[in-house]
**Q** 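Questions regarding the structure given below will be posed in turn.
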Amino acid sequence: MALLLSVLEQGLIYGIMGLGVYITYKILDFPDLTVDGSFPMGAAIACVLIIRGIPPAFTLPVCFLAGAFVGMLTGCIHVKLKVRDLLSGIIMMTALYTVNLRIAGKANLPVYNMETLFDNKLVNRVCGGLLENFRTVLMILLITVITKGLLDWYLRTKSGLLLRAVGDNDTIVTSLGVDTGLVKIAGLSIANGLVAMSGCMFAQQQRFFDISVGTGTVVIGLASVIIGTSLFRKLTLWKVTTSVVLGSLIYKGCVALAIRMGLSSSDLKLITAVLFLAILVLGMERKKRVKSDAGITEHNKTVSSGHHQ
């Protein structure tokens, strides 16, 4: 039970981070490595605020805004300074390592025996009795559902539709008289805001900040996006954002199972790399099959129309 709860908790937390990566990777087609810095930044800010006595509920919007600001800077470096997308993310990720150390004051900052989002008077009173062991996962699920709902709503607005259009065909957006650069900056802001918020929740679930918690975050996010969108692409009743969260849960479950089978936790990055590579290869094979089937269908239609003539 403890293992299942841990997978659900971390899977849902990383699911929010996955939603941010989904915006950059799938919608904007922007390889944004800023997330490796904005995730620990959210964790650092959350721990510092909690130590200073700020109510845990305020850490979420503060971390989101901080992440959004960082995403905006990445967007400005790319759009305004004409730096390539990958390099823009690398520059911000490198800068944020020092920024995060400055925010926290040291490489490791614990918040043991302090009130968090998942352990405070209100939550303990509401989730008492039989729900006591499930209070953390219930709170994380609530925050994840609300976040996903707000993102779904935003993507249906005019601004959200423009964001999706920029990723598909920025020429169309330009023809509408809209600055595609500003739309990209907005998308990167929202994405990194979600990632920082995920880091905020992670620090409070684990009860500490560590400078290394952001290492490989973008790979975990990409794995969640690819797993979810590959496995659940035919479930039309489910929104893509739901599939990303489910992909994160499956990814975390696979990692937990690998460790449970005897692999050392020090092998975690290797497991992540191998799993991610396998997912990418399977995804490419599936795309090849789809293109091949489409080509055969088109050929059959051409032959059929030739016979009719």
**Q** If only atom types and distance count, is the side chain of S248 paired as donor or acceptor with the main-chain N or O of G11 below 3.5 Å?
**A** yes
**Q** List the steps and the verdict of side-chain contact (heavy atoms from CB on, under 4.5 Å) for V166 and L162.
**A** CA-CA 6 Å; V166 164; L162 285 172; 5.5 Å; no
**Q** Does any part of the side chain of S159, heavy atoms only, come nearer than 4.5 Å to the side chain of Y154, both counted from C-beta?
**A** yes
**Q** Just how far is it from atom CZ of R125 to atom CG of N120, taken to the nearest 0.5 Å?
**A**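 R125 CZ to N120 CG: 9.0 Å, rounded to 0.5 Å.
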**Q** Does I54 belong to the same Ile/Leu/Val/Met/Phe/Trp/Tyr cluster as M114, with side-chain heavy atoms less than 4.5 Å apart forming each link?
**A**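 Linked within one cluster.
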**Q** A side-chain contact here means heavy atoms from C-beta on lying under 4.5 Å apart; do I45 and I103 qualify?
**A** yes
**Q** Treating Ile, Leu, Val, Met, Phe, Trp and Tyr as nodes and any side-chain heavy-atom pair under 4.5 angstrom as an edge, say whether L4 and F134 lie in one connected cluster.
**A** yes
**Q** If two hydrophobic side chains count as joined below 4.5 Å and joins carry through other members, does M261 share a cluster with V255?
**A**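 Cluster IDs for M261 and V255 differ.
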**Q** Quick one: does H78's side chain get under 4.5 Å of F30's, heavy atoms only?
**A**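 In short, these two side chains touch, coming nearer than 4.5 Å.
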**Q** Does the side chain of F232 reach to within under 4.5 Å of the side chain of T242, using non-hydrogen atoms?
**A**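 Sidechains of T242 and F232: no contact.
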**Q** Within this structure, what is the CG-CG distance for the pair N133 and L138, rounded to the nearest 0.5 Å?
**A** 10.5 Å
**Q** Do V35 and M17 make a side-chain contact, defined as non-hydrogen atoms from C-beta onward lying under 4.5 Å apart?
**A**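 Result no, sub-4.5 Å side-chain heavy-atom pair not found.
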**Q** Counting only heavy atoms from other residues, nucleotides and ligands, does the tally under 6.0 Å from CZ of F69 exceed 12?
**A**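 Atom CZ in F69 is not crowded, with 12 or fewer foreign heavy atoms closer than 6.0 Å.
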**Q** Taking all atoms of both residues into account, what is the closest heavy-atom pair of P61 and A57, and its distance?
**A**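 Scanning both residues, the minimum pair turns out to be CD-O, 3.3 Å.
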**Q** According to the salt bridge (Lys or Arg N to Asp or Glu O under 4.0 Å) rule, which pairs have a member within residues 147-162, sequence neighbours left out?
**A** K148-D152
**Q** Quick check against the 3.5 Å criterion: does S198 have a side-chain atom that pairs as donor or acceptor with the backbone of I13?
**A**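 Looks like yes, one N/O pair under 3.5 Å.
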**Q** Honestly curious: do L141 and L5 fall in one hydrophobic cluster under the side-chain, below-4.5 Å linking rule?
**A** yes
**Q** Please identify each residue that fulfils ring-ring contact (aromatic ring centres under 6.0 Å, His included) with F39, with sequence neighbours left out.
**A** Y14, F202
**Q** Of V70, D36, L73, which is the lone residue that meets side chain to side chain contact (heavy atoms under 4.5 Å, CB included) with L96?
**A**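 Single side chain to side chain contact (heavy atoms under 4.5 Å, CB included) partner of L96 among V70, D36, L73: V70.
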**Q** Minimum heavy-atom separation for I143 and L60, please, with both atom names.
**A**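 In this case the closest contact between I143 and L60 is CD1-CD1, 4.0 Å.
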**Q** Tell me every residue that passes side-chain contact (heavy atoms from CB on, under 4.5 Å) with I27, counting only those two or more places apart in sequence or in another chain.
**A**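 Checked I27 against side-chain contact (heavy atoms from CB on, under 4.5 Å); matches are Y22, I23, L155, L163, R164.
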**Q** Between CD1 of I16 and OG1 of T144, what distance do you get to the nearest 0.5 Å?
**A** 4.0 Å
**Q** Would you give the length of the straight line joining atom OG1 of T147 to atom CE of M197, rounded to the nearest 0.5 angstrom?
**A** 3.5 Å
**Q** Write down the atom of R207, the atom of N113, and the distance for their closest heavy-atom approach.
**A** NH1-N, 3.8 Å
**Q** Could you give the distance from SG (C76) to CG (L182), rounded to the nearest 0.5 Å?
**A**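 One finds 8.5 Å between SG of C76 and CG of L182.
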**Q** Linking I/L/V/M/F/W/Y whenever any side-chain heavy atoms sit under 4.5 Å apart, do F209 and F58 land together?
**A** yes
**Q** Output every pair passing salt bridge (Lys or Arg N to Asp or Glu O under 4.0 Å) with a member in residues 64-84, not counting sequence neighbours, ordered by first then second residue.
**A** none
**Q** Enumerate the side chain to side chain donor-acceptor pair (under 3.5 Å) contacts for residues 87-108, please, sequence neighbours excluded, ordered by first and then second residue.
**A** N108-D210
**Q** Testing the basics here: between M41 and A196, what is the closest heavy-atom pair and its distance to 0.1 Å?
**A** CE-CB, 4.5 Å
**Q** Has S243 got a side-chain atom pairing as donor or acceptor with V240's backbone, closer than 3.5 angstrom?
**A**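 It does hold such a pair.
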**Q** Does the side chain of T24 come under 3.5 Å of the side chain of D32 through a donor N or O and an acceptor N or O?
**A** no
**Q** Decide yes or no for T74 and I77: does some side-chain heavy atom of the first lie under 4.5 Å from some side-chain heavy atom of the second?
**A** no
**Q** What's the spacing between I250 CD1 and L231 CG if we round to 0.5 Å?
**A**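 Between I250 CD1 and L231 CG, I get 5.0 Å after rounding to 0.5 Å.
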**Q** In this structure, are over 12 heavy atoms from other groups packed under 6.0 Å from Y25 atom OH?
**A**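 No.
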**Q** Check the pair I220, T217 against side-chain contact (heavy atoms from CB on, under 4.5 Å), reporting the backbone distance first and the verdict last.
**A** CA-CA 5 Å; I220 297 172; T217 300; 5.7 Å; no
**Q** Please evaluate residues K252 and E9 with respect to the criterion side-chain contact (heavy atoms from CB on, under 4.5 Å), reporting the C-alpha separation (whole Å), side-chain torsions for both, the decisive distance (0.1 Å), and the verdict.
**A** CA-CA 10 Å; K252 278 295 173 183; E9 288 170 8; over 6 Å; no
**Q** Is there a side-chain contact between L194 and F64, using heavy atoms and a 4.5 Å cut-off?
**A** yes
**Q** Specify the closest pair of heavy atoms between V195 and S38, including all atoms of both residues, with the distance to one decimal.
**A**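 Looking at all heavy atoms of both residues, the closest pair is CG1-OG, 3.4 Å.
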**Q** Counting C-beta onward and ignoring hydrogens, is there a side-chain heavy-atom pair between Q204 and V111 closer than 4.5 Å?
**A**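 In short, these two side chains do not touch, never coming nearer than 4.5 Å.
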**Q** Can you give me the closest heavy-atom contact between I185 and V79, atom names plus distance?
**A** CG1-CG2, 4.1 Å
**Q** Which pairs with one or both residues in residues 132-145 pass salt bridge (Lys or Arg N to Asp or Glu O under 4.0 Å), sequence neighbours excluded?
**A** D119-R135
**Q** Ignoring hydrogens and angles, tell me if any N or O in the side chain of S6 forms a donor-acceptor pair with the backbone of A2 under 3.5 Å.
**A**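 Not at all, since once roles are kept as given, no pair shorter than 3.5 Å links the two residues.
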